[in-house]
Amino acid sequence: MKMKSQSLGLIAMVAILPALAAPALAFTGQKLAGEAKISIDEARAIALKAHPGKITDEELEREGGGTGLRYSFDIKAGGATQEVGVDARTGKVLENAPEGPHPD
């Protein structure tokens, strides 16, 4: 009997582990994702096409300009960080400028 209950406990742990390993949120602002017509993956590709480099931060936020909902990416290339904003409903690049001295 003891062996059977240990096996069931192990099976339960194996079933739960994948859920524990997954991050709670893929990006800041994910609760707004239902309002976006462009996915985060599509927005990343658009941002990296506008400014190649490595994305160091990303979020979905309400902000003026465009349709009012945008993905914002910090992209590092060399020693500089560029902020690229992509409209979450149209995919249009709204911002592509060096990160200011007071980042969000």
Side-chain angles (χ1 to χ4, degrees):
M1 246 349 183
K2 187 175 184 178
M3 187 174 209
K4 186 174 183 180
S5 66
Q6 286 176 338
S7 295
L8 290 175
L10 181 60
I11 290 169
M13 285 187 69
V14 169
I16 292 171
L17 283 177
L20 294 176
L25 293 176
F27 54 93
T28 304
Q30 189 176 20
K31 62 186 177 288
L32 299 172
E35 298 177 41
K37 294 191 186 311
I38 305 295
S39 73
I40 184 73
D41 291 332
E42 291 169 313
R44 282 183 194 122
I46 292 166
L48 288 170
K49 184 175 180 184
H51 189 82
K54 180 181 180 194
I55 294 174
T56 59
D57 190 36
E58 56 189 24
E59 65 181 316
L60 178 58
E61 60 190 344
R62 292 191 194 284
E63 191 167 314
T67 63
L69 186 66
R70 77 165 63 184
Y71 291 102
S72 181
F73 299 94
D74 289 347
I75 302 175
K76 188 165 184 144
T81 300
Q82 190 89 348
E83 185 167 353
V84 178
V86 177
D87 191 295
R89 293 185 177 117
T90 66
K92 181 179 177 185
V93 175
L94 301 172
E95 179 180 14
N96 188 355
E99 177 90 303
H102 305 289
D104 304 309

*Assess whether salt bridge (charged side-chain N to carboxylate O under 4.0 Å, His left out) is satisfied between Glu42 and Lys37, documenting all intermediate values.*
CA-CA 10 Å; Glu42 291 169 313; Lys37 294 191 186 311; over 6 Å; no

*Might you work through the side chain to side chain donor-acceptor pair (under 3.5 Å) test for Thr56 and Asp74, ending with a clear yes or no?*
CA-CA 6 Å; Thr56 59; Asp74 289 347; 4.8 Å; no

*asked:* Determine whether Leu69 and Leu60 satisfy the following criterion, side chain to side chain contact (heavy atoms under 4.5 Å, CB included), listing intermediate values before the conclusion.
replied: CA-CA 7 Å; Leu69 186 66; Leu60 178 58; 3.9 Å; yes

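The shortest side-chain heavy-atom distance between Lys49 and Arg44 does not fall under the 4.5 Å cut-off. Between Val86 and Lys92 there is no side-chain heavy-atom pair separated by less than 4.5 Å.
By the 4.0 Å N-to-carboxylate-O rule, Glu99 lies too far from Lys76 to be salt-bridged with it.
The distance from the OG1 atom of Thr81 to the CG atom of Asp57 is 10.0 Å, given to the nearest 0.5 Å. Here the OG1-NZ distance, from Thr28 to Lys31, works out to 8.5 Å after rounding to the nearest 0.5 Å. Rounding to the nearest 0.5 Å gives a distance of 10.0 Å between CD of Glu58 and CD of Gln30. Note that OG of Ser72 and CD of Glu61 are 5.0 Å apart. Values are rounded to the nearest 0.5 Å.
Arg70 places a side-chain N or O within donor-acceptor distance of the main-chain N or O of Gly64, the cut-off being under 3.5 Å. Listed for the Arg89 side chain is a donor-acceptor partner under 3.5 Å among the backbone atoms of Thr67. Side-chain atoms of Tyr71 come within 3.5 Å of backbone atoms of Ile38 as a donor-acceptor pair (strictly under, hydrogens ignored). When atom types are taken as modelled, the side chain of Asp87 and the backbone of Val93 share no donor-acceptor pair closer than 3.5 angstrom.
Considering all non-hydrogen atoms of both residues, Ala77 and Pro52 come closest at CB-O, 3.6 Å. In this structure, Asn96 and Ala50 approach most closely via the heavy-atom pair ND2-O, 3.2 Å. Heavy atoms only, all atoms of each residue included: Leu94 and Gly66 are closest at CD2-CA, 4.0 Å.
Criterion: ILVMFWY side-chain heavy atoms under 4.5 Å apart, direct or through other members. Under it, Phe73 and Leu32 are part of a common hydrophobic cluster.
Under the side chain to side chain contact (heavy atoms under 4.5 Å, CB included) criterion, Leu48 pairs with Ile55, Ile75, not counting sequence neighbours.
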